[in-house]
There are 2 protein chains.
Amino acid sequence: MQISSRFTVALHIFSCVETFKNERKVTSDFLAGSINTNPVIIRKILGQLKSAGLIDVARGTGGITVTRPLEDITFLDVYRAIEPVEDGNLFRFHEAPNPNCPVGRNIHQLLDKKLAAIQTAMEEEMKKYTLDGLRSGMNELLEKGA
Amino acid sequence: MQISSRFTVALHIFSCVETFKNERKVTSDFLAGSINTNPVIIRKILGQLKSAGLIDVARGTGGITVTRPLEDITFLDVYRAIEPVEDGNLFRFHEAPNPNCPVGRNIHQLLDKKLAAIQTAMEEEMKKYTLDGLRSGMNELLEKGA
DNA sequence: CACCACTGTAACATGGATAGTTACATCAAG
DNA sequence: CTTGATGTAACTATCCATGTTACAGTGGTG
């Protein structure tokens, strides 16, 4: 199971907003062109980022503004905005282990902490990367003329 | 996107094998009863664990043997045996960013290392848990009389 | 005001994966 | 050869990701 491409698309969007904000209005159509997908896909993702309070989207006129300083938005913020994991658990559990089996009635307690620790390790690493780092990294690549 | 329940089912299987190996023959039917699913589901997962070299399954007579010392099998080994992520990447990338856009042609290079680091953080944490830890944890729970 | 470019969203199609189920060939031991 | 087990094919149902068309709503500008 892979994490959906919506996450990397969202990061692509933020990168475009920063790169082009002084040159042109960044619309869902323009983003769809850079990402090579459908504008509606973009709008849905923008909706998720908006619901999470990371951006504002101007109706009518179009255009995206990031609501917080870039160094205050981490990959984890974006990930949580995008991935609608209902109960917040990365790992899915088989639903109804047999309570009459000694293993069945203890397996949850046995695994829960370990699985949570694994998920936390991933999320802590995600916190290390910010949109500001993304911006400066892209700038470096562009200055190198790529 | 959640990681499929096959992973926790596999851990459940190992836990059962250790708990019951001196009491009874552990068959796919018995496991299906403890996990509360269909024996064929179990057999498919056993097939994956077998392909990965973690267990042997006796045809005809039935029964499961773990091929390595329990302390040498980590959650990561089980995870990799179970999750058929073709290219090994946890994160899925949008496939065809526009090479005519400066962001589109650099986004891969910009993100790849960071995404790999996040995945590695998760996998390193997975390495910390072994089947032997699982066994002793279950023993403790059972001795406490749960 | 009317236009126009843009967003928000519904509705639908499609493909792929998960999970479940039945059925049956195959195998090994007593 | 009977028995109890595995291996696997075939099929189903369901869900999710992604893509697409269509259209109503919005807001600035001529």
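Hydrogens, waters and symmetry mates are skipped; everything else that's a heavy atom, side chains included, is used. Chain letters run A, B, ... following the sequence lines, proteins first, then strands; residues in each count from 1.
- A donor-acceptor contact under 3.5 angstrom links the side chains of D77(A) and T74(A), judged on distance only.
- The distance between atom CD1 of I45(B) and atom P of dT18(C), rounded to the nearest whole Å, is 11 Å.
- Separating the CZ atom of F93(B) from the P atom of dT18(D) is a distance of 13 Å, rounded to the nearest angstrom.
- Heavy-atom nearest nucleotides on DNA chain D were determined for L46(B) and for E83(A), and the one closer to the 5' end corresponds to L46(B).
- Side-chain nitrogen and oxygen atoms of K44(B) include none within less than 4.0 Å of the OP1 or OP2 phosphate oxygen of dT18(C).
- In this structure, R92(A) atom CZ and dT18(C) atom P are separated by 10 Å, rounded to whole Å.
- Considering only the side chain of K25(B), dA5(D) comes nearest among dT21(C), dT18(D), dA5(D).
- With dT6(D), dA17(D), dT22(C) as the choices, the nucleotide that has an atom nearest any side-chain atom of N38(B) turns out to be dT22(C).
- L31(A) has its CG atom 13 Å from the C1' atom of dC6(C), to the nearest Å.
- Side-chain N/O atoms of S5(B) include none lying less than 4.0 angstrom from OP1 or OP2 on dT18(C).
- Annotation for T8(A) and L115(B): closest pair CG2-CD1, 3.9 Å, computed over non-hydrogen atoms.
- Rounded to whole angstrom, the span from the CG atom of D56(B) across to the C1' atom of dG7(D) amounts to 15 Å.
- R92(B) and S5(A) share no side-chain donor-acceptor pair at under 3.5 Å.
- Taking a cutoff of 4.0 Å between a charged side-chain nitrogen and a carboxylate oxygen, E18(A) and K21(A) qualify as a salt bridge.
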### Query
Can you check salt bridge (Lys or Arg N to Asp or Glu O under 4.0 Å) on E123(B) and R80(B), steps first, answer last?
CA-CA 10 Å; E123(B) 295 183 350; R80(B) 288 205 171 129; 2.8 Å; yes
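- Annotation: side chain of L134(A) is not in contact with side chain of H12(A) (no heavy-atom distance under 4.5 Å).
- Listed nucleotides: dT18(C), dT6(D), dA17(D). Nearest to the side chain of M1(B): dA17(D).
- Across all strands shown, V57(A) has heavy atoms under 4.0 Å from sugar-phosphate atoms exclusively, and none from any base.
- Between I3(B) atom CD1 and dA17(C) atom P there is a gap of 16 Å when expressed in whole angstrom units.
- Residue I41(B) places its side chain closer to dT21(C) than to any other of dA17(D), dT9(C), dT21(C).
- Distance, I82(A) CD1 to dT18(D) P: 10 Å, rounded to whole Å.
- A residue-by-residue look at S4(A) and D29(B) shows that D29(B) has its nearest nucleotide of DNA chain D further toward the 5' end.
- Counting to the nearest Å, the C1' atom of dA19(C) and the NE2 atom of H94(A) are 14 Å from each other.
- Classified by interplanar angle (parallel below 30°, tilted 30° to 60°, perpendicular above 60°), the ring pair F7(B)/F75(B) is perpendicular.
- Residue T37(B) places its side chain closer to dG20(C) than to any other of dT7(C), dG20(C), dT18(C).
- A donor and an acceptor atom, one from each side chain of H94(A) and T37(B), are nowhere located under 3.5 Å apart.
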Expected rows: protein N/O vs nucleotides 24-27 of chain C N/O, under 3.5 Å:
{"residue": "dT26(C)", "atom": "O2", "partner": "R59(B)", "partner atom": "NH2", "Å": "3.0"}

